[in-house]
Trainee: 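To start, I am sharing the structure in question, which I have written as C-alpha cells.
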Number of protein chains: 2
Amino acid sequence: MNIQPLLNYIGQHVTLTKEEEAILESKVSYRKYLKGQFVVQQGDVCKYECFVISGCTKTYYVDDEGQEHIVMFSIEDWWTSDIGSFITQTPADFSIQCIENTELIMFSYDEIENLYAEIPKLERFFRRIIEKALVASQKRIIRSFSLSAKDRFLYFRNQYPKIEQRIPQYMIASYLGITKEFLSKIKSQLILEQ
Amino acid sequence: MNIQPLLNYIGQHVTLTKEEEAILESKVSYRKYLKGQFVVQQGDVCKYECFVISGCTKTYYVDDEGQEHIVMFSIEDWWTSDIGSFITQTPADFSIQCIENTELIMFSYDEIENLYAEIPKLERFFRRIIEKALVASQKRIIRSFSLSAKDRFLYFRNQYPKIEQRIPQYMIASYLGITKEFLSKIKSQLILEQ
DNA sequence: AGTAAATGTTAATCTAGATTAACTTTATTT
DNA sequence: AAATAAAGTTAATCTAGATTAACATTTACT
C-alpha cells in the first residue's frame, strides 16, 4: 500500500514525526475497489472515513421517488464518507459508489478515537478538514439558492475542470440539481454564445 | 456574565474540571446586542465564534442582485459565526444580524488556538460540533434538491417549531429559498387541506 | 467488425414557483 | 387614538427548468 499521498496531504496541515507516521500507517487500511463497487450503501452503517489515493467516487442520495441526487464527487487527495452515519454509527443516508477503479486509505471508526488519543495533532488535522468541508457545504447551499442552473454549471466547470472531464454529463446534471436534458440545453446555449 | 448555559452545553459532549471551566471563562467574552445590530457584516473579517445565551440571530448572504438569502437562524444553545471567514481570517461572505435582543459568549480567533492547546478536550468538543454542523448542512442540500417548497416548509415547521413562532414569515421564506408570496400560498393551501 | 448498452441531444409541452401589483392586517410610534 | 411602517395575503401573468418522447452518438462487449 502506498500511503505517501496521504502523508503529503496531512503534512500540508500539521507536522508529524516519523514515529507518528508509522503509528498512523499501522492504524489505517488500504483497499482497491473496481468501477461500480460500493464503499457504502444507503442503509448500511458507514464504518470508515476514506482518503482517495486514485480513482473517483460519487456520494449520492436516492429520494422517495427513486431519484438519485449526487452530493459530491471525490477524486485523488479528497475524502469520502457518510460522516453523518460515521459519527453516529447509524444507517447511512448516502451511498458511495466508485465511478472509476479506486484506491482508498480507510480510517475505521474503531481506531480513529485511539488515533486521536495517540496523536493529538491528528485531531487538529481532522478538525480543520471538517471545518473546510463545512464552509464548502454552506457555500454550495448559497449557490443553489442564488445562482441559475447555467451559472451553477459555469461555477462547477471553472472550479473542478478535472472532474468535469472524467465524469458522465448526466452525473454532473444530478450534482447540479437539474435534469440531463436541461444541462444539454445549457451547453448548446453556451456554444452559441461564444 | 452568565456562562452556565455554555458549560452545560459543553458538558453534554466532554467533561471539564472546575479548573478547566475557569480557564475557559477567562478566555471568552460576553456581549449583549440589541435587535437589529450586527455581529458580523458581509466583507468584515469574522473574529469570533459565538454561542447564543439568549435571543436570535440570522446569518444571511446578499447576492449580486441585492437579494438576501438566509443560511441559518441561531437561538439559545446554538452557535453563530461565519466559519469560512473565521478560519481563514478573510472577509466574510455572510452577515449575522440580531433579530431579537441577543446575549452571546464569544470565542475569539486570537484565543481559541491557545484554548485548544491548554484544554485539548475543547478541540475534541469543537471537532464534534463542527461534524454535526457539516452533517446538517449536507442534509439541507439534499432537501433543497429532493423536496418541493411545501415539503421543505413542513420539514422546517416540524424540525424547528420554536423558531417558526418567533420569526417573521418573510424570513422563513428566505431560509427556504422561496418568495414570501409563495410561502403565503403554501400556508393557505395547507389550511384548506385539513 | 457488429451489436447492444450507455450516454447525449433536440424539441414540444407542462408546471412549480417568481414577479408584479393592489390590498389587508398587525405592530410601532407620536 | 391616529398615523405610519412593517408584515402578510391574493390573484394575474410570466419563466426557468421538468417531463416526455424520439432520435443520435459513443462506448463496451461477443
Side-chain angles (χ1 to χ4, degrees), chain A residues 34-37 56 58 60 62-70 73 97-101 141-157 163-193, chain B residues 34-37 56 58 60 62-70 73 97-101 141-157 163-193:
Chain A
L34 295 175
K35 181 174 174 175
Q37 291 186 319
C56 184
K58 64 171 177 178
Y60 65 96
V62 179
D63 70 22
D64 297 342
E65 269 92 58
Q67 273 229 271
E68 182 177 316
H69 303 276
I70 295 179
F73 299 109
Q97 188 177 20
C98 298
I99 56 182
E100 299 175 2
N101 294 342
I141 291 174
I142 287 304
R143 273 179 269 126
S144 82
F145 285 145
S146 61
L147 299 184
S148 66
K150 180 177 166 186
D151 287 344
R152 274 179 276 145
F153 172 62
L154 290 172
Y155 179 88
F156 175 81
R157 158 175 278 183
I163 297 184
E164 198 203 343
Q165 299 319 310
R166 48 205 266 200
I167 283 174
Q169 203 167 299
Y170 72 92
M171 289 191 194
I172 295 174
S174 168
Y175 175 84
L176 295 173
I178 58 178
T179 58
K180 61 187 186 353
E181 290 85 356
F182 193 59
L183 179 53
S184 195
K185 196 170 172 180
I186 287 171
K187 284 185 120 176
S188 62
Q189 272 174 23
L190 287 171
I191 288 164
L192 290 177
E193 276 174 23
Chain B
L34 295 175
K35 180 176 172 173
Q37 291 187 318
C56 184
K58 62 171 177 177
Y60 65 96
V62 179
D63 70 22
D64 298 343
E65 269 92 60
Q67 274 230 271
E68 183 176 315
H69 303 276
I70 295 178
F73 299 108
Q97 189 177 20
C98 299
I99 56 184
E100 298 175 3
N101 294 341
I141 290 174
I142 287 303
R143 272 179 269 126
S144 82
F145 285 144
S146 61
L147 299 184
S148 67
K150 180 178 167 186
D151 287 344
R152 274 179 276 145
F153 172 62
L154 289 174
Y155 179 88
F156 175 82
R157 159 175 278 183
I163 296 185
E164 197 202 344
Q165 300 318 309
R166 51 205 266 201
I167 283 173
Q169 202 167 298
Y170 71 93
M171 288 190 194
I172 295 174
S174 168
Y175 175 84
L176 295 173
I178 59 178
T179 58
K180 62 189 186 351
E181 290 85 357
F182 193 59
L183 179 53
S184 193
K185 198 169 170 180
I186 287 170
K187 284 186 118 177
S188 62
Q189 272 174 22
L190 287 171
I191 289 164
L192 289 178
E193 275 173 25

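Because only heavy atoms are used, hydrogens play no part in the values below, and waters and symmetry mates are left out as well, while side chains stay in. Letters go in sequence order (proteins before strands), and every chain restarts at 1.
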Trainee: Could you list where the contact with chain B starts and ends along DNA chain C, reading 5' to 3', using a 4.0 Å heavy-atom cut-off?
Mentor: dG17(C) to dA21(C)

Trainee: Quantify the bending of the helix from dA1(C)-dT30(D) to dT30(C)-dA1(D) as the angle between its end axes, each fitted on five pairs, to 10°.
Mentor: 50°

Trainee: Tell me every residue that passes salt bridge (charged side-chain N to carboxylate O under 4.0 Å, His left out) with Arg166(A), counting only those two or more places apart in sequence or in another chain.
Mentor: Glu76(A), Glu100(A)

Trainee: May I ask you to test the Glu164(A)-Phe73(A) pair for a side-chain heavy-atom distance under 4.5 Å?
Mentor: no

Trainee: Do Leu154(B) and Leu147(B) make a side-chain contact, defined as non-hydrogen atoms from C-beta onward lying under 4.5 Å apart?
Mentor: no

Trainee: Checking Gln37(B) now: which residues fulfil side-chain hydrogen bond (donor to acceptor under 3.5 Å, both in side chains) with it, not counting sequence neighbours?
Mentor: none

Trainee: Of all residues at least two apart in sequence or in a different chain, which pass the side-chain hydrogen bond (donor to acceptor under 3.5 Å, both in side chains) check with Asn101(B)?
Mentor: none

Trainee: Could I get the full list of side-chain hydrogen bond (donor to acceptor under 3.5 Å, both in side chains) partners for Lys35(A), not counting sequence neighbours?
Mentor: none

Trainee: Determine whether Lys187(A) and Phe153(A) make a side-chain contact, defined as any pair of heavy atoms from C-beta on separated by less than 4.5 Å.
Mentor: yes

Trainee: Kindly write out the residues that satisfy salt bridge (charged side-chain N to carboxylate O under 4.0 Å, His left out) with Lys150(A), not counting sequence neighbours, or none if the list is empty.
Mentor: Glu193(A)

Trainee: Applying side-chain hydrogen bond (donor to acceptor under 3.5 Å, both in side chains), can you list everything that pairs with Asp63(A), at least two apart in sequence or on another chain?
Mentor: His69(A)

Trainee: Under 3.5 Å, sequence neighbours excluded: what are the donor-acceptor pairs made by side chains of residues 174-183 of chain B?
Mentor:
from, atom 1, to, atom 2, distance (Å)
Ser174(B), OG, Glu68(B), O, 3.2
Ser174(B), OG, Ile70(B), N, 3.0
Thr179(B), OG1, Phe182(B), N, 3.2

Trainee: Ile167(B) has an atom CD1; how far is it from atom C1' of dG8(D), in whole Å?
Mentor: 16 Å

Trainee: What are the residues of residues 172-192 of chain B, sorted by number, that bring a heavy atom to within less than 4.0 Å of DNA chain D?
Mentor: Glu181(B), Ser184(B), Ser188(B)

